[in-house]
Peer 1: 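I have a structure I would like to understand better, so I am pasting it below and will then ask my questions one at a time.
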Amino acid sequence: MAETGSLPVHIGIIMDGNGRWARQRGLRRSAGHRAGIRAIRQAMSAADEAGVHCLTLYAFSTENWSRPRYEVATLMRLFEETLQEEVDELHQNGVRIRVIGRRAQLSARLRRLVADAEARTAGNLKGQLTVAINYGGRAEIVDAVRSLAGSGVDLAALDEPTLEGALYTAGLPDPDLIIRTAGEMRTSNFLIWQAAYAELYVTQTLWPDFGAADLRAALAEYAARVRRFGGIVEGR
Ligand code: IPE
Ligand code: IPE
Ligand code: MG
């Protein structure tokens, strides 16, 4: 059960610090978000080179709607632009794209781009990129229970595999490693069910500055961790 020296199969990333990165440079927060998109490309290729082919990126939380309207609009526009620009290449590289979160509040355009990207890449097996947009772990659990209730499952007999199968992430392995940039030591409602036994790695690096060396540092620390899953590991 316990393992060391290994590579995570699935990494979740809480991409935080875009605003601080911009403020340090006297730029608007939107410039930080644009720089954050560039960092995504770096992180994806570094992960791929290291042999990690399953990534989940936290892009917008259910709580992020409380930000100024202008900032929310900028982020949504960036998601639309990025999806449109990147899908071809991701598809060529055999990456399956999925978006998790409550879709109803997204623009019709973004919903269409997401549905197209998911449909086009559904058969890809080389990598999995999941982007959490209007995602909240609590909302996800509520949505899962609602959908089970709606499909007639006996909730009094609910068990963990059944609930898991109704989460947005059904079919994805649980994340082994959660990376958070910009220093905050909290999950901010990201994959709260799935990350129950994930290793947490927090770096002070702000997301737009996160590069291949930062990813390798996270992987090195992960490899040195002892995962016990509640059990006992002799000698450790
Ligand atoms: C992360 O950067 C991006 C999103 C949450 C959308 P922030 O915008 O939270 O940056 P800080 O935390 O203000 O520096
Ligand atoms: C978490 O960052 C959400 C995303 C990275 C999308 P926040 O900046 O929203 O988190 P808090 O507010 O510091 O907890
Ligand atoms: Mg933040």
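Just so you know, ligand 1 is whichever comes first in the structure, and atom 1 is the first atom listed for that ligand.
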Peer 1: Would you say atom 2 (O) of ligand 2 touches the protein, meaning some protein heavy atom is under 4.0 Å from it?
Peer 2: yes
Peer 1: Quick check: does N18 get an N/O under 3.5 Å from an N/O on ligand 1?
Peer 2: yes
Peer 1: Can you name the atoms of ligand 1, numbered from 1 with element, that are less than 4.0 Å from a heavy atom of G19?
Peer 2: 7 (P), 8 (O), 10 (O), 11 (P), 13 (O), 14 (O)
Peer 1: Looking at the Mg ion (ligand 3), which N/O/S atom of D16 is the nearest one?
Peer 2: OD1
Peer 1: State the atoms of ligand 2, each with its element, that fall below the 4.0 Å cut-off from a heavy-atom position in R186.
Peer 2: 11 (P), 13 (O), 14 (O)
Peer 1: Starting from atom 9 (O) of ligand 2, locate the nearest protein heavy atom and write down its residue, its atom name and how far away it is, to 0.1 Å.
Peer 2: N64 ND2, 2.9 Å
Peer 1: Salt-bridge test for E85 and R38: reply yes if a basic N is under 4.0 Å from a carboxylate O, no otherwise.
Peer 2: no
Peer 1: Taking only heavy atoms of F60, which atoms of ligand 2 are found under 4.0 Å from at least one of them?
Peer 2: 6 (C)
Peer 1: Using a 4.0 Å heavy-atom threshold (strictly under), name the region of A132 that reaches ligand 2: side chain, backbone, both or neither.
Peer 2: neither
Peer 1: Answer yes when R112 and E80 have at least one side-chain N-carboxylate O distance shorter than 4.0 Å, and no when they do not.
Peer 2: no
Peer 1: Is the shortest distance from a Lys or Arg side-chain nitrogen in D209 or R20 to a carboxylate oxygen in the other one below 4.0 Å?
Peer 2: no
Peer 1: Please assess R109 against E81 for the test salt bridge (Lys or Arg N to Asp or Glu O under 4.0 Å), listing each intermediate value before the final yes or no.
Peer 2: CA-CA 11 Å; R109 175 154 186 252; E81 282 173 21; over 6 Å; no
Peer 1: Start with the C-alpha gap between N64 and S61, add the side-chain angles, then the distance that decides, and say whether side chain to side chain donor-acceptor pair (under 3.5 Å) holds.
Peer 2: CA-CA 5 Å; N64 287 146; S61 73; 3.1 Å; yes
Peer 1: Please state whether the rings of F229 and Y197 are parallel, tilted or perpendicular, taking 30° and 60° as the class boundaries.
Peer 2: tilted
Peer 1: Is there any N or O on R67 that sits under 3.5 Å from an N or O of ligand 1?
Peer 2: yes
Peer 1: Just jot down the ligand 2 atoms closer than 4.0 angstrom to any heavy atom of S188, in number order.
Peer 2: 1 (C), 10 (O), 11 (P), 14 (O)
Peer 1: State the atoms of ligand 2, each with its element, that fall below the 4.0 Å cut-off from a heavy-atom position in R180.
Peer 2: 2 (O), 10 (O), 11 (P), 13 (O), 14 (O)
Peer 1: Is E184 in contact with ligand 1, taking contact as a heavy-atom separation below 4.0 Å?
Peer 2: no
Peer 1: Can you see whether N124 engages H91 through a side-chain donor-acceptor pair at a distance of less than 3.5 angstrom?
Peer 2: yes
Peer 1: For ligand 2, which atoms have a heavy atom of M15 less than 4.0 angstrom away?
Peer 2: 5 (C)
Peer 1: For R96 and E118: C-alpha separation, side-chain torsions, deciding distance, then whether salt bridge (Lys or Arg N to Asp or Glu O under 4.0 Å) applies.
Peer 2: CA-CA 7 Å; R96 176 173 181 185; E118 287 181 336; over 6 Å; no
Peer 1: Below 3.5 Å, N or O to N or O, backbone or side chain included: is there any such pair between L75 and ligand 1?
Peer 2: no
Peer 1: Give a yes/no on ligand 1: does G17 have at least one heavy atom closer than 4.0 angstrom to it?
Peer 2: yes
Peer 1: Which protein non-hydrogen atom lies closest to atom 6 (C) of ligand 1, naming both residue and atom, and how far is it?
Peer 2: A59 O, 3.2 Å
Peer 1: State plainly whether the residues D176 and R227 are in salt-bridge range, i.e. N to O under 4.0 Å.
Peer 2: yes
Peer 1: From the options E140, E164, E160, select the one residue that forms a side chain to side chain donor-acceptor pair (under 3.5 Å) with W193.
Peer 2: E164
Peer 1: Compute whether any side-chain donor of one residue and acceptor of the other, for H33 and N18, lie under 3.5 angstrom apart.
Peer 2: yes
Peer 1: For H33, take its heavy atoms, then give the atoms of ligand 1 lying under 4.0 Å from any of them.
Peer 2: 3 (C), 8 (O)
Peer 1: At a 4.0 Å threshold, what atoms of ligand 1 neighbour a non-hydrogen atom of R20?
Peer 2: 11 (P), 12 (O), 14 (O)
